[in-house]
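Accompanying notes for the structure given below.
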Amino acid sequence: MNLTITDVRLTPILVADPPLLNTQGVHQPYTPRLIVEVETADGVTGVGETYGDTKYLELARPFAEKLIGRQAGDLNGLFLLADEVAVDSSRVVGQVDVGGLRGVQTADKLRLSVVSGFEVACLDALGKALGLPVHALLGGKVRDSVEYSAYLFYRWADHPVGVACEKDDWGAAVDPAGVVEQARLFKERYGFTSFKLKGGVFPPDEEIAAVRALAEAFPGHPLRLDPNGAWSVATSLKVAEELGDVLEYLEDPALGTPAMAEVSAGTDVPLATNMCVTTFAEIKEAFTHDAVQVVLSDHHYWGGLRNTQQLAAICRTFGVGVSMHSNTHLGVSLAAMTHVAATVPNLHHACDSHYPWQSEDVLTSRLTFDDGKVAVSDAPGLGVELDREKLEFLHQRWLDDDGALRERDDAAAMRVAEAGWVTPSVPRW
């Protein structure tokens, strides 16, 4: 068996995205993703997926060159290689990474997001070569299926007039009735039994009303609300008081660990985050100040599946809950999420997933949700196969783009509909 890496293929693509609203603006009609393929001397190919914005591509290309001649099983070495790749400091700007709404952006975070795609591809190749599923390479599964939560969004029925886009049948959701109807569709189509609403879009009282409407329509179903740090501490505490009897947890109501610690000290509602804890270095401050009670891992942020397991172990040590965050992603990432989630003993909350929103994929067969769960594949590797025609089609869309859509920019998309839109300062309310 020869696991020497002989070729690495990077395929940036543009994937259809609905007009989903958040505190930054609205999703563009297409979003960039990067498909990573690692091929070994024996002809085994592994696949991974991560962000496709230019700043990630600029790191992925020299990183891919460094992989040639190395072993697919040298997973620890991926992080050492990443440290050798320089980051353009002009790419690391601002408080919030718009694509994932993940808080402070750093060069190390960019590197980890790139490494994650390569690590998954290497694990997929290694699993195929050994005839083992990825979860077996991670120590074995503790569950046969992974539960996911319906990811509800305020949204328009269509992208602004004059914008080329793909159509869907979800309709608008800009008030409590629209949010409830969207949840009904999620439950009917996918069997989800918990619901998360992306907030920070409308004044808090309107979002409180939407969550109340969900609680009335779906009694006993776990509910979550995530305004992506759009609220002040005072507003966060008000919302927590209003919804404390129905919320499973409140996600990133205020921006940054100090503000989250203030909110936590003033409420018994658990606080979750994917913004103030996205690297190991950020754990100490958050945990010692009891700023969060649930960490939403994202293997793209943390540098891959094995780092996600390490995070889960740390959370278990400190009595902090763990689940999984989602950004716009395709089936490769959903498969990777499902494999690592299957190995985490202390996964007590349904994971997030945007996958139902994505009408396009690069796989020969889409992953499916049964009663809100994805079955854990026991096939070698990730258990997925690339559809070359679909991959090429989505790559051609990226090639044909003039560059406007190669960067995730929700504020730019909003300006198409509302001239002069500026991303609101935080706290917004």
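Computed over heavy atoms, backbone and side chain alike; hydrogens, waters and symmetry mates excluded.
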Parallel, tilted or perpendicular: ring planes of His135 versus His339, cut at 30 and 60 degrees: parallel

Mutual orientation of the aromatic rings belonging to Trp357 and Phe186 [parallel < 30°, tilted 30-60°, perpendicular > 60°]: perpendicular

Non-hydrogen side-chain atoms of Thr11 and Glu392 separated by less than 4.5 Å: no

Verdict with reasoning, Ser236 to Glu262, per side chain to side chain contact (heavy atoms under 4.5 Å, CB included): CA-CA 10 Å; Ser236 301; Glu262 281 192 67; over 6 Å; no

Cation over ring face, Arg224 and Phe195, 6.0 Å, 45°: no

pair Tyr190-Leu185: side-chain heavy atoms closer than 4.5 Å: no

Cationic N near anionic O, under 4.0 Å, Arg408 to Asp53: no

Glu119 bridged to Arg306 by N-O distance under 4.0 Å: yes

Atom NZ of Lys373 with >12 non-hydrogen neighbours under 6.0 angstrom: no

Criterion side-chain hydrogen bond (donor to acceptor under 3.5 Å, both in side chains) on Asn228 and Asn22, from CA distance to verdict: CA-CA 8 Å; Asn228 281 122; Asn22 58 44; 5.9 Å; no

Aromatic centroids of Phe369 and Tyr148 separated by under 6.0 Å: yes

Residue pair Val8, Glu37: steps toward the side chain to side chain contact (heavy atoms under 4.5 Å, CB included) verdict: CA-CA 6 Å; Val8 179; Glu37 294 178 83; over 6 Å; no

Side chains of Thr40 and Asn2 in contact at under 4.5 Å (non-hydrogen atoms): no

CE on Met337 to OG1 on Thr308, rounded to 0.5 Å: 9.5 Å

Between His329 and Thr50, a side-chain donor and acceptor under 3.5 Å: no

Centroid-centroid distance, Tyr301 to His325, less than 6.0 Å: yes

Flag side-chain contact, heavy atom, 4.5 Å: Glu385 against Leu363: no

Within 45° cone and under 6.0 Å: Arg428 NZ/CZ vs Trp231 ring: no

Side-chain donor-acceptor pair present, Tyr154, Lys198, cut-off under 3.5 Å: no

Between CG on residue Asp83 and CG on residue Leu78, distance to nearest 0.5 Å: 11.5 Å

Centroid-centroid distance, Trp302 to Phe280, less than 6.0 Å: yes

Side chains of Thr31 and Gln358, donor plus acceptor under 3.5 Å: no

Side-chain donor-acceptor pair present, Ser116, His299, cut-off under 3.5 Å: no

Donor-acceptor pair between Glu166 and Tyr30 side chains, under 3.5 angstrom: yes

Flag for Arg155-His27: side-chain donor and acceptor within less than 3.5 Å: no

Approximate separation, where rounding is to 0.5 Å, of Gln396 CD and Leu394 CG: 10.5 Å

Working for side chain to side chain contact (heavy atoms under 4.5 Å, CB included), residues Gln309 and Val340: CA-CA 7 Å; Gln309 289 183 304; Val340 70; 3.9 Å; yes

Salt-bridge criterion met for Asp401 and Arg397 (N-O under 4.0 Å): no

cation_pi(Arg366, Tyr355) dist<6.0 Å, angle<=45: yes

Close side-chain approach of Leu296 and Val322, heavy atoms under 4.5 Å: no

Salt-bridge present (Asp158, Lys167; N to O < 4.0 Å): yes

Stepwise side chain to side chain contact (heavy atoms under 4.5 Å, CB included) check, Asp17 with Gln28: CA-CA 7 Å; Asp17 212 7; Gln28 293 166 301; over 6 Å; no

Leu75 and Leu123, any side-chain heavy atoms less than 4.5 Å apart: yes

salt_bridge(Asp108, Arg111) N-O dist < 4.0 Å: yes

Minimum side-chain heavy-atom gap Thr328-Val15 below 4.5 Å: no

Exercise: do Glu251 and Thr273 side chains pair donor with acceptor under 3.5 Å: no

Sole candidate of Asp371, Asp169, Asp370 that passes salt bridge (Lys or Arg N to Asp or Glu O under 4.0 Å) when paired with Arg189: Asp169

Lys196 and Asp352 ion-paired at < 4.0 Å: yes

Working for ring-ring contact (aromatic ring centres under 6.0 Å, His included), residues Phe153 and Trp170: CA-CA 11 Å; Phe153 277 82; Trp170 285 91; over 10 Å; no

His349/Ser194 under side-chain hydrogen bond (donor to acceptor under 3.5 Å, both in side chains): CA gap, chis, key distance, verdict: CA-CA 9 Å; His349 304 275; Ser194 64; over 6 Å; no

Arg143 side chain near Leu347 side chain, heavy-atom distance below 4.5 Å: yes

Distance-only polar pair, side chains of Thr278 and Lys109, donor-acceptor under 3.5 Å: yes

